[in-house]
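I have placed the structure first, in the form of structure tokens, so that the comments after it can refer back to it.
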Amino acid sequence: MIYLDNNASTKLDPEAREAMELAFDLFGNPSSVHGEGRRARRMVEEARDEVATLIGAPPEDIVFTSGGTESNALAIFSAASGGGRIVETAVEHPSVRAPLERLAVTSGVTVVAVAPGPEGTLEAGRLLEAVVPGTRLVCVMAANNEYGGVFPVEKVARLARARGALVHTDAVQAAGRVPIDVVLWDVDYLALSAHKLHGPKGVGALYARRGVPVEPLAPGGGQERRRRAGTENVPGIAAFGVAARLARQRLAAEAGAIAARRDALESGILDAVAGARAVGAGGVRLPNTSAILFEDLPGESLLIRLDLEGVAVSVGSACSSGTMSPSPALLALGLTPAHAKNVVRFSLSRLTTGQEIERTVAIVSRAASEMRSRKDVA
Ligand code: PLP
């Protein structure tokens, strides 16, 4: 299997798995005061230090959660349940968009979405035009999951905060792929997820700058300094800590090689398949992501063909009530619904080899010409 769906999830690193297995034996509750509990607590706090270091945060500003979705919800409901105006980019992940939609209904929040330009580049100035005085929250993702666009969080945050808004950034796809520094970026909230950086699924973190509102989504015990109730997922958190450390140690050395493989994949496919083009390639992108629009080839059919040949990729469309609906993020970039359904996302990791890239280019090229010769076209 050639796995090119790392924006969906990544392979658990063996060292992270080891930490997880070790933690399974530390069965005490980290809130218990006896030795068994204290050993579990130590694991959680060591992991907190590592996650904090990955993003340049004080450890006490890290809240462990069940993943990116919960982290986004925790930030948004904490910051904005009082009503007011919220500005988001039009290409946010559903775990940002959906809480905002709910707040619009339940709390009378006004949500304004600002689209990036056609090349996927988000102009800080354009977003900031929407941040009028009285704006409560700005949601600007650090990197987009579908085409890899990297957004100017630092610039947005500085100016939005100067206008009195809180700033949340979904850094789920950025973490481990580009450097993150919450002090430099000056954001109030930042969401992370372990399984996008070779950690386990079902664990994540929210950075919440000291003093910003954090209201537990589920009321309960006083864990995580009263910011997230519920007994901590000690094995998941321990593995997340190791994955965060490895991500930090490897990032500088490996990002260049990953980008070179992505570029080879992209130029290989664009050369081999007439009418193919890379979405957002004109702007700053994550090193690992390439979203390719195949002019006349349905993304879903191509995905299935590639899967049969042992290549795992994904498409931007989502199945709802039996029909494929095009990705709102791709539509926001100005793609037509038909084109948005013909986008296939290839997302690499440090484990992707040059040989796999060569094979993928050959497989995609053959699949495209066979689909065209059979008139399996959109
Ligand atoms: N935010 C972004 C940008 C994502 O890509 C994802 C996952 O695909 C999430 C949030 C949700 O993270 P999790 O799967 O940990 O809930």
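All of these numbers come straight from a predicted model, not from anything done at the bench.
Contact of the Leu127 side chain with the Val87 side chain is registered, since non-hydrogen atoms from C-beta on lie closer than 4.5 Å. Under the 4.5 Å side-chain criterion, counting only non-hydrogen atoms from C-beta, Met20 is not in contact with Val203. Residues Leu4 and Val311 are in side-chain contact: their nearest non-hydrogen atoms beyond the backbone lie under 4.5 Å apart. In this structure, Leu302 and Met371 have side chains that are in contact, with non-hydrogen atoms separated by less than 4.5 Å. By the 4.5 Å heavy-atom criterion applied to side chains, Gln223 and Thr231 are counted as neighbours. Inter-residue side-chain proximity for Leu351 and His198 is flagged as met; some heavy-atom pair is nearer than 4.5 Å. Residues Val96 and Met141 are not in side-chain contact: their nearest non-hydrogen atoms beyond the backbone lie 4.5 Å or more apart. With a 4.5 Å cut-off on side-chain heavy atoms, Asn145 and Arg345 count as touching.
The list of side-chain hydrogen bond (donor to acceptor under 3.5 Å, both in side chains) pairs with a residue in residues 112-140, not counting sequence neighbours, is empty. Legend: side-chain hydrogen bond (donor to acceptor under 3.5 Å, both in side chains) pairs involving residues 104-114, not counting sequence neighbours: none detected.
Qualifying side-chain contact (heavy atoms from CB on, under 4.5 Å) partners for Ala124, counting only residues two or more places apart in sequence or in other chains: Leu128, Pro152, Lys155, Val156. Contacts of Ser9 classified as side-chain contact (heavy atoms from CB on, under 4.5 Å), with partners at least two apart in sequence or in another chain: Tyr3, His195, Lys201. Considering only residues two or more places apart in sequence or on other chains, Glu295 meets the side-chain hydrogen bond (donor to acceptor under 3.5 Å, both in side chains) condition with His339. The side-chain hydrogen bond (donor to acceptor under 3.5 Å, both in side chains) check on Thr89 picks up Glu92, with sequence neighbours excluded.
For the atom pair OG (Ser78) and NE2 (His168), the distance works out to 10.5 Å, reported to the nearest 0.5 Å. Rounding to the nearest 0.5 Å places CZ of Arg210 at 6.5 Å from CG of Asp61. Atom CG of Asp49 sits about 6.0 Å away from atom OG1 of Thr53, to the nearest 0.5 Å.
With a 6.0 Å radius and a threshold of 12 heavy atoms from other residues, nucleotides or ligands, Arg17 has its CZ atom at or below the threshold. Annotation for Arg250: atom CZ counts as buried by contact number, over 12 foreign heavy atoms lying within 6.0 Å.
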_Stepwise side-chain contact (heavy atoms from CB on, under 4.5 Å) check, Ser31 with Arg41_ = CA-CA 7 Å; Ser31 297; Arg41 167 62 49 204; 4.0 Å; yes
*asked:* Before you tell me yes or no, could you show the steps for Glu356 and Arg261 under salt bridge (charged side-chain N to carboxylate O under 4.0 Å, His left out), namely the whole-Å CA-CA distance, both residues' side-chain angles and the distance that decides it to 0.1 Å?
replied: CA-CA 9 Å; Glu356 287 179 325; Arg261 295 208 173 105; over 6 Å; no
*Determine, stepwise, if the pair Leu100 / Val109 fulfils side-chain contact (heavy atoms from CB on, under 4.5 Å).*
CA-CA 8 Å; Leu100 294 181; Val109 160; 5.7 Å; no
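At a threshold of 4.0 Å, the pair Arg48-Glu232 does not count as salt-bridged, since none of the basic side-chain nitrogens sits closer than that to a carboxylate oxygen.
Heavy atoms only, all atoms of each residue included: Val183 and Asp181 are closest at N-OD1, 2.9 Å.
Between the Arg85 side chain and the Ala130 main chain, a donor and an acceptor come within less than 3.5 Å of each other.
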